[in-house]
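Take a look at the structure set out below.
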Amino acid sequence: MPELPEVETVVRRLRPELVGRIITRADVYWPRTIESLPPAVFCRRMRGQTVTAIDRRAKYLLFRLSGGATLVAHLRMTGDFSLHAAADRPDGYARARFVLDDGRALWFSDTRKFGRLALTADPDARLSHLGPEPLARQFTPRALAGILSGRPTPIKPFLLDQGRIAGLGNIYADEALHHAAIDPRRPARDLTAAEAERLHAAIQFVLRKGIRLGGSTLHDGRFRDPSGKRGKMQDEFVVYHDPRREQKTCPRCGTRIAHTVIAQRSAHYCPGCQR
C-alpha cells in the first residue's frame, strides 16, 4: 500500500498542477529518503528544473524534468505527496520539499520513512526488474497464461511478485482472485487457460475500478490524494478487510471470508466459492 490505483490517482491529480512548473528550491529533511546522491547534490540538481511530464510505472511515480533526468518516487507503505503554500512550515513527517515558481510547494511526507526518491538519467534501466503493466495492451490473457506456466508458487504471492506482474499488492490481488473465483493457495501453474482468462479480466476490472474511485483509503487513514481527499475503493472491497476490526461474508455465496498467510503474505478469500 499504496498500489497501482493509488499511485495512478496521485499521478492524475499532480499532472495538471505540476507540469510546466519550475522547481526553484529543494529541501531534504530525512537524508535516507534520497537514493544514490548526497542530499546537497540532489537539491542542487533539482533547482531550476521544469516538470515536463508525470508518468507511472508499476508503483513508481516518474517526474520527467527539463534537464533530461527523471525523479523516480516510490511511496512504499506510508509515503504521499501533497501541495501547500510555499510559506507553510513543513510538519514533522515531511521528508523532502520542492518549492515551485507559483508560490506553492510539493511535500513528500512519509510517516514510517520507507519511501524513496531517486534522480536518474535512465529510469527504464532503473526499473528494468519490473514485469509487465497489467493494464497495458500487451498484457493479454495469453500473456498471463505464459507468465503462470510452470510456476509452482501459490497464485496469491505470485501475483505480488513485481518481477512477474507490476503494480499489484495485497488488496487488489485478493479482490481479483475472489472476482475470478480462484483459491489463493492454488499453484500458479495449475490454473487452466479458462481460469487464466478469468483472472486476467478480474485483475483489470479491480484495478480500473480502483482508479475510477480514486484509490483505497484504509481504516488507519493510509493514502489520501495530494489534496487530502480520501479514496472510495475501500467501500467496494468484497474480501479484503482488517480481521481485527470487522468480519465480512461473501456476497456471492454467503460464506464468511477467511484470512490466512501464504508464503508469509496475508490473504483474504472465500472458502465457499474460491475452491
Side-chain angles (χ1 to χ4, degrees), residues 1-57 59-121 123 211-217 221-232:
M1 181 69 183
E3 302 180 27
L4 186 156
E6 288 73 44
V7 177
E8 181 66 24
T9 296
V10 174
V11 167
R12 294 185 182 193
R13 301 289 193 273
L14 287 180
R15 190 177 282 142
E17 302 291 339
L18 296 185
V19 171
R21 299 266 63 90
I22 299 171
I23 298 169
T24 62
R25 174 178 171 176
D27 300 298
V28 174
Y29 307 112
W30 181 254
R32 282 191 285 178
T33 296
I34 310 303
E35 291 187 342
S36 305
L37 285 175
V41 175
F42 174 84
C43 292
R44 186 170 65 249
R45 293 185 181 178
M46 290 297 298
R47 189 166 56 245
Q49 297 281 348
T50 299
V51 180
T52 60
I54 304 177
D55 303 313
R56 179 193 56 77
R57 175 73 171 102
K59 301 178 186 180
Y60 293 83
L61 290 94
L62 308 177
F63 297 82
R64 315 285 187 179
L65 304 174
S66 56
T70 298
L71 176 64
V72 179
H74 199 311
L75 304 179
R76 300 286 174 86
M77 293 181 68
T78 59
D80 67 63
F81 284 100
S82 55
L83 287 163
H84 304 263
D88 289 351
R89 184 176 180 179
D91 62 25
Y93 297 118
R95 308 304 172 200
R97 180 181 72 152
F98 305 93
V99 179
L100 307 173
D101 63 343
D102 64 353
R104 296 182 299 168
L106 179 69
W107 295 6
F108 178 68
S109 302
D110 188 7
T111 306
R112 299 189 66 178
K113 302 179 179 177
F114 294 149
R116 293 294 182 264
L117 304 176
L119 196 59
T120 178
I211 293 169
R212 187 175 71 253
L213 295 178
S216 307
T217 301
R222 268 185 294 164
F223 181 70
R224 292 174 185 267
D225 77 7
S227 66
K229 186 178 179 180
R230 293 169 59 91
K232 297 180 179 179

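Keep in mind that what you see is a predicted model, and the values were worked out from it rather than measured. Both backbone and side-chain heavy atoms feed into the values below; hydrogens, waters and symmetry mates do not.
When the side-chain contact (heavy atoms from CB on, under 4.5 Å) test is applied to Ala118, the partners found at least two apart in sequence or on another chain are Glu35, Arg126. Looking at residues two or more places apart in sequence or on another chain, you find a side chain to side chain donor-acceptor pair (under 3.5 Å) between Glu6 and Tyr172, Ser216. Not counting sequence neighbours, the partners of Arg25 by the side chain to side chain donor-acceptor pair (under 3.5 Å) test are Asp27. Every residue was checked against the ring pair (Phe, Tyr, Trp, His ring centres under 6.0 Å) condition with Phe223, not counting sequence neighbours, and none meets it. Qualifying salt bridge (Lys or Arg N to Asp or Glu O under 4.0 Å) partners for Arg230, counting only residues two or more places apart in sequence or in other chains: none. With sequence neighbours excluded, no residue forms a ring pair (Phe, Tyr, Trp, His ring centres under 6.0 Å) with Tyr29. For Pro123, the side-chain contact (heavy atoms from CB on, under 4.5 Å) partners at least two apart in sequence or on another chain are Arg64, Thr70, Val72, Thr120. Judged as a side-chain contact (heavy atoms from CB on, under 4.5 Å), and not counting sequence neighbours, the contacts of Asp225 are Thr9, Arg13, Ser227, Lys229. Scanning for side chain to side chain donor-acceptor pair (under 3.5 Å) contacts around Arg222 gives Asp220, with sequence neighbours left out. Shown here are the ring pair (Phe, Tyr, Trp, His ring centres under 6.0 Å) partners of Phe98, two or more places apart in sequence or in another chain: there are none. With sequence neighbours excluded, no residue forms a side chain to side chain donor-acceptor pair (under 3.5 Å) with Thr50.
Between Thr52 and Val19, every side-chain heavy-atom pair lies at or beyond the 4.5 Å cut-off. The side-chain heavy atoms of Ile211 and Arg12, taken from C-beta on, include a pair separated by under 4.5 Å.
Counting only residues at least two apart or on different chains, the salt bridge (Lys or Arg N to Asp or Glu O under 4.0 Å) pairs with a member in residues 101-111 are Glu17-Arg104, Arg21-Asp101, Arg21-Asp102, Asp102-Arg104.
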